[in-house]
S.K.: 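Take this structure, written in structure tokens, and hold onto it; I'll ask about it next.
Chain letters run A, B, ... following the sequence lines, proteins first, then strands; residues in each count from 1. What you see is a predicted model, and the numbers here were worked out from it, not measured in a lab.
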2 protein chains.
Amino acid sequence: MAGPGSKRYVLGIDIGGTKLAAGVVAIDGSQVSQDRVPTLAHEGPDRVIDRLIDLCRLTVENSGVPWDQIIAAGVGCGGPLDPHTGVIKEPPNLPGWVDIPLVQRLHEALGIPVYLDNDANAAALGEHRFGAGRGVDNLVYLTISTGIGGGIIIGGRLYQGENGNAGEIGHMSVAFDGRDCNCGGRGCLEAYASGTNIAARAREAVEAGERSLLLEIAGSPELINGEAIDAALRAGDPLTVRIWDETMEILGTGIANVINIFNPKRVVLGGGITNFGSTLFDPIRRIAMSRAMGPLTEVVEIVPAQLGGQVGVLGAVAVALERIGTTGSEVGVGV
Amino acid sequence: MAGPGSKRYVLGIDIGGTKLAAGVVAIDGSQVSQDRVPTLAHEGPDRVIDRLIDLCRLTVENSGVPWDQIIAAGVGCGGPLDPHTGVIKEPPNLPGWVDIPLVQRLHEALGIPVYLDNDANAAALGEHRFGAGRGVDNLVYLTISTGIGGGIIIGGRLYQGENGNAGEIGHMSVAFDGRDCNCGGRGCLEAYASGTNIAARAREAVEAGERSLLLEIAGSPELINGEAIDAALRAGDPLTVRIWDETMEILGTGIANVINIFNPKRVVLGGGITNFGSTLFDPIRRIAMSRAMGPLTEVVEIVPAQLGGQVGVLGAVAVALERIGTTGSEVGVGV
């Protein structure tokens, strides 16, 4: 156990568009408490932040860990944001959050150092410290869910870029004359292979008059979602198979690009799409490895993320530990 | 001037498919000597390396710098190669060079430490230390000539990746269902926008029966080259304009990807294609900046390389200085 004065815990805070989560975690990654409440983002930043502070106090109380044993808080939140100043810029999933000095607000309320990064960077750090990337120096993390985010670990550290916005791998174009993307670009991975856009491509094909089981399964084009696609894929529906195969070509190409650019040891894939399991990983591995350059494929593995639903809080904890500049073994030694 | 025993010079060695160059350079980048001979690559590695060693001795003699004032030699060479073991793997431009322990051979002959990297990484280091990237922490370098190579500077240091092969930005695909590339991938930047492939695309269009001034200028399809394209472009030839515009879309998309992924301070473009000047830079800047994400475009500049024909030797010198881990100001002080 921790002796008096040895701090061994971090408060992890995950701010999502639909839920807020907070938990107390030991620096070895073992979780002591975790609590959640709905975000109710429409209430605006002031009320959400007040509720978040209450949640933090609750989860620390539930953990039984005294406040003076908590080194810091880490926060993961949708970007854009400034990790250095701790200001939330204007995330699409948090309407009305414009230039919110979140770190300052939390620091004043909680009385401990607070560190912020975007949720994809937080997840990359979480997988690197506690999950599928442990012990790996050079790692690229991709999360594929409603959007596609990325995080880059280089030499064991998060690479943030010139103003904290590096790693937008979802906005790497693999089709210079392809689909328009929300970001203003064209042919981005996200414009094809996010959950939202896989469903949109299927819907567009059905609305254009193509016959598909999807329509029977979903009931109407606008109800086509991941579950309907999964069911139609299992039934061998030709349109769904074609869209899935194209999605795998696109993601495989994107990952081949990541391999050619970064020469990483590991590419870690997280997010809801990984629930497709080998239906996703088998073709992606085959395509990425056949398209990437030989000497680079020899050292790389493409693996699923390991933290699952815990990645929000554990990623936030990893943000704080990264910023403090410690590894697990360097804090709270001498117990 | 250097006092006795203070070493202030590096020998830079540039191994190309057509010429070998070597020069003695002070650690501030000022060149004391430079000498060149043809590679005569068909003679095979042993005779080429013997000639290279003679060239090194000649250029040191020409420089007037005593050997004991030369800290080290740096070498830039076409990859693939292993920068850590100093072994040349099997570069396409040096037939018969298979697993050649170049660093060991040069070290035995010259009696000084020898450091090796591929020519694109060497050029990136050279531009970072002596040219268009001075003082910049996060920089991506692209060289566009017969092929397309890249080098990545992160936190002021070269990023080499897991086994020394990072930075293959020419083999980033921007067309997942596009042209086959020599590397085995599809739709790579190099498959469209290298000098070789710009000419090949024009040739294919002419051979397919499209009318173009190019045929008159070049005489026959297989003689279409950069000069012919330049002339046809100036004359407003529609086919050439269309191919050039598509090339700019492709390069602009590739650079937007680089910006979204790396959030760099500077993107430096080198290689023969930069002789097109504003015909290249104006559209590329416009397209890259309109496609990359807002917060990342605010901090980045797209600039031409500055070292020109000196980049081979100066890049090799920068490889040695990088590997020694010094900056210019930390070696040979106390003069």
S.K.: At a 4.5 Å cut-off on heavy atoms, which part of Pro295(B) comes close to chain A: side chain, backbone, both, or neither?
M.R.: both

S.K.: Could you look at Ala175(B) and say if it's the side chain, the backbone, both or neither that has a heavy atom under 4.5 Å from chain A?
M.R.: both

S.K.: Phe176(B) and side-chain contact (heavy atoms from CB on, under 4.5 Å): which single residue from Leu251(A), Leu189(A), Ile250(A) fits?
M.R.: Ile250(A)

S.K.: Please rank Ile169(B), Leu296(B), Val136(B), Ile154(B) by heavy-atom pairs under 4.5 Å with chain A and give me the top one.
M.R.: Ile154(B)

S.K.: Taking ring pair (Phe, Tyr, Trp, His ring centres under 6.0 Å) as the test, write out the residues that go with Phe262(B), two or more places apart.
M.R.: Phe262(A)

S.K.: Relative to chain A, which segment of Ile259(B) carries a heavy atom at a distance below 4.5 Å: side chain, backbone, both, or neither?
M.R.: neither

S.K.: Please flag which part of Ile287(A) lies under 4.5 Å from any non-hydrogen atom of chain B: side chain, backbone, both or neither.
M.R.: neither

S.K.: Could you walk me through whether Val258(A) and Ile261(B) pass the side chain to side chain contact (heavy atoms under 4.5 Å, CB included) test, one step at a time?
M.R.: CA-CA 9 Å; Val258(A) 161; Ile261(B) 293 168; over 6 Å; no

S.K.: Inter-chain polar pairs, chain A versus chain B: which donor-acceptor atoms lie under 3.5 Å apart?
M.R.:
residue: Asn138(A); atom: ND2; partner: Glu162(B); partner atom: OE1; Å: 3.1
residue: Tyr159(A); atom: OH; partner: Phe262(B); partner atom: O; Å: 2.7
residue: Glu162(A); atom: N; partner: Asn263(B); partner atom: O; Å: 2.7
residue: Glu162(A); atom: N; partner: Asn263(B); partner atom: OD1; Å: 3.3
residue: Glu162(A); atom: OE1; partner: Asn138(B); partner atom: ND2; Å: 3.1
residue: Asn163(A); atom: N; partner: Asn263(B); partner atom: OD1; Å: 3.0
residue: Asn163(A); atom: OD1; partner: Asn263(B); partner atom: ND2; Å: 2.9
residue: Asn163(A); atom: ND2; partner: Pro295(B); partner atom: O; Å: 3.0
residue: Gly164(A); atom: N; partner: Asn263(B); partner atom: OD1; Å: 3.3
residue: Asn165(A); atom: N; partner: Asn263(B); partner atom: OD1; Å: 2.8
residue: Gly167(A); atom: N; partner: Ile261(B); partner atom: O; Å: 2.8
residue: Glu168(A); atom: N; partner: Asn260(B); partner atom: O; Å: 3.0
residue: His171(A); atom: O; partner: Asn260(B); partner atom: ND2; Å: 2.8
residue: Ser173(A); atom: N; partner: Asn257(B); partner atom: OD1; Å: 2.7
residue: Ser173(A); atom: O; partner: Asn257(B); partner atom: ND2; Å: 2.9
residue: Val174(A); atom: O; partner: Ala175(B); partner atom: N; Å: 3.4
residue: Val174(A); atom: O; partner: Phe176(B); partner atom: N; Å: 2.8
residue: Ala175(A); atom: N; partner: Val174(B); partner atom: O; Å: 3.4
residue: Phe176(A); atom: N; partner: Val174(B); partner atom: O; Å: 2.8
residue: Phe176(A); atom: O; partner: Arg291(B); partner atom: NH1; Å: 2.9
residue: Phe176(A); atom: O; partner: Arg291(B); partner atom: NH2; Å: 3.0
residue: Asn257(A); atom: OD1; partner: Ser173(B); partner atom: N; Å: 2.7
residue: Asn257(A); atom: ND2; partner: Ser173(B); partner atom: O; Å: 2.9
residue: Asn260(A); atom: O; partner: Glu168(B); partner atom: N; Å: 3.0
residue: Asn260(A); atom: ND2; partner: His171(B); partner atom: O; Å: 2.9
residue: Ile261(A); atom: O; partner: Gly167(B); partner atom: N; Å: 2.8
residue: Phe262(A); atom: O; partner: Tyr159(B); partner atom: OH; Å: 2.7
residue: Asn263(A); atom: O; partner: Glu162(B); partner atom: N; Å: 2.7
residue: Asn263(A); atom: OD1; partner: Glu162(B); partner atom: N; Å: 3.3
residue: Asn263(A); atom: OD1; partner: Asn163(B); partner atom: N; Å: 3.0
residue: Asn263(A); atom: OD1; partner: Gly164(B); partner atom: N; Å: 3.3
residue: Asn263(A); atom: OD1; partner: Asn165(B); partner atom: N; Å: 2.8
residue: Asn263(A); atom: ND2; partner: Asn163(B); partner atom: OD1; Å: 2.9
residue: Arg291(A); atom: NH1; partner: Phe176(B); partner atom: O; Å: 2.8
residue: Arg291(A); atom: NH2; partner: Phe176(B); partner atom: O; Å: 2.9
residue: Pro295(A); atom: O; partner: Asn163(B); partner atom: ND2; Å: 3.0

